[in-house]
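Reading through the structure tokens given below for one structure.
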Amino acid sequence: MPLIYSFVAKSGGGGEPIVLADYTAYTGNFGVVAIQALQKGAQGNNAKFTYSCDGHSELAWGGVAQWQSAFLAVADEQFGRQVPFAFLEKVKEEFFAKWQDKAQTAIAHSMDKNFGPRLKYWMEYCETHPEELSKVAAVQKKVDEVKNIMVENIEKVLERGEKIELLVDKTDNLRFQADKFHKTGRQLRSRMWWQNFKMKIIIAAIIILIAIIIFCSVCFSGGNCLH
């Protein structure tokens with residue numbers, strides 16, 4: 001028994017998962033244990049997890065949680081993880097494409113009639129096409145890795161952009177300070193030139209005044225200027 005049980009759930013008001021639809025061809029308390037596995041394993045948006053339960057049969061629990069919705073499958077541990085997760089991706093894609101709006105107002109197990117058969121279909125499909133899904137899962141894994149690398153590179157570019165913007169701001173500030181310094185220096189040179197010019201005029205006036213005084217004293221003291 002490769003794929004044993006699967007369900008689609010959403011987050012309830014109190015945080016408890018509400019199972020909207022499930023399917024299994026076997027008998028057992030899979031639903032109860034699956035809810036417990038979901039509560040233990042799901043961590044954050046788009047989280048993937050596995051949960052192993054030791055019992056009479058070894059089971060692998062796989063889930064995908066995204067946008068307050070959860071998709072979980074119970075599979076034989078010997079069946080591996082690639083196919084169950086590929087099954088969950090198929091279910092998730094169809095659910096979000098066709099049933100997401102209805103799920104927002106749906107109550108527990110109200111979608112069993114509509115979506116339960118789709119769970120059955122994808123479980124049977126995955127069991128009969130394991131090699132195809134393994135390849136798909138491998139490609140999906142590579143795509144996810146490339147996407148993560150791209151996201152990381154974009155974040156680095158944005159961070160670099162912030163640093164460049166900060167550097168530009170500092171450059172503008174330095175340019176402003178340089179312009180201000182240049183203007184202040186030009187004003188200071190002009191002021192110093194005027195002060196130096198005034199000083200020269202004052203010195204020249206003093207020299208002329210001293211010369212006049214000397215001339216007058218010499219001229220009038222000896223009476224030379226009267227002849």
Side-chain angles (χ1 to χ4, degrees), residues 1-12 15-43 45-141 143-144:
M1 50 180 182
L3 287 171
I4 303 169
Y5 173 78
S6 65
F7 74 58
V8 178
K10 70 175 182 178
S11 177
E16 294 292 329
I18 299 175
V19 177
L20 302 177
D22 65 353
Y23 174 78
T24 183
Y26 306 94
T27 57
N29 62 338
F30 304 115
V32 176
V33 183
I35 289 292
Q36 295 175 355
L38 177 63
Q39 293 174 332
K40 291 181 179 180
Q43 297 292 332
N45 184 41
N46 200 27
K48 293 184 178 181
F49 66 93
T50 57
Y51 178 75
S52 297
C53 178
D54 295 328
H56 297 291
S57 60
E58 294 183 352
L59 305 177
W61 309 83
V64 178
Q66 185 174 12
W67 300 326
Q68 296 185 344
S69 298
F71 308 84
L72 189 140
V74 181
D76 193 317
E77 195 170 36
Q78 296 179 354
F79 198 48
R81 298 183 179 181
Q82 283 189 334
V83 174
F85 274 115
F87 159 76
L88 291 171
E89 289 294 333
K90 293 286 187 183
V91 171
K92 185 185 73 172
E93 290 175 2
E94 179 175 341
F95 183 81
F96 283 139
K98 299 180 180 180
W99 306 94
Q100 185 179 9
D101 293 338
K102 186 177 181 179
Q104 293 179 359
T105 57
I107 61 176
H109 292 282
S110 62
M111 299 181 66
D112 280 337
K113 183 178 180 181
N114 294 325
F115 201 72
R118 301 306 300 164
L119 293 173
K120 177 183 178 182
Y121 167 79
W122 285 118
M123 289 173 75
E124 293 175 349
Y125 179 87
C126 293
E127 289 178 1
T128 54
H129 300 78
E131 295 181 358
E132 175 186 342
L133 291 176
S134 295
K135 293 179 181 178
V136 172
V139 172
Q140 183 65 39
K141 182 178 180 181
V143 170
D144 292 339

*Nearest heavy atoms of Gln104 and Lys10, plus distance in Å*: O-NZ, 3.0 Å
*Output the distance between atom CE (Met123) and atom NZ (Lys120), rounded to the nearest 0.5 Å.*
10.5 Å
*Which heavy atom in Ala75 sits nearest to a heavy atom in Pro84, and how many Å separate them?*
CB-CG, 3.8 Å
*Approximate separation, where rounding is to 0.5 Å, of Phe95 CZ and Ser69 OG*: 5.0 Å
*Answer with yes or no after comparing the ring centroid distance for Tyr121 and Tyr23 against a 6.0 Å cut-off, counting only values under it.*
no
_Gap between atom CD1 of Ile4 and atom CG of Asp76 - 0.5 Å precision_ = 6.0 Å
*How long is the span from the CZ atom in Phe115 to the NZ atom in Lys98, to the nearest 0.5 Å?*
9.5 Å
_If I take atom CG from residue Leu119 and atom CE from residue Met111, how far apart are they, to the nearest 0.5 angstrom?_
9.5 Å
*Starting from the C-alpha separation in whole Å, work towards a yes-or-no answer on side chain to side chain contact (heavy atoms under 4.5 Å, CB included) for Leu3 and Cys126.*
CA-CA 8 Å; Leu3 287 171; Cys126 293; 3.9 Å; yes
_Minimum-distance pair of heavy atoms, taken over all atoms of Ala103 and Leu20_ = CB-CD1, 3.7 Å
*Does Asp22 have any side chain to side chain contact (heavy atoms under 4.5 Å, CB included) partners at least two apart in sequence or in another chain, and if so, which?*
Tyr5, Phe7, Val19, His109, Asp112
*Going from NZ on Lys90 to CZ on Phe71, what distance comes out if it is rounded to the nearest 0.5 angstrom?*
14.5 Å
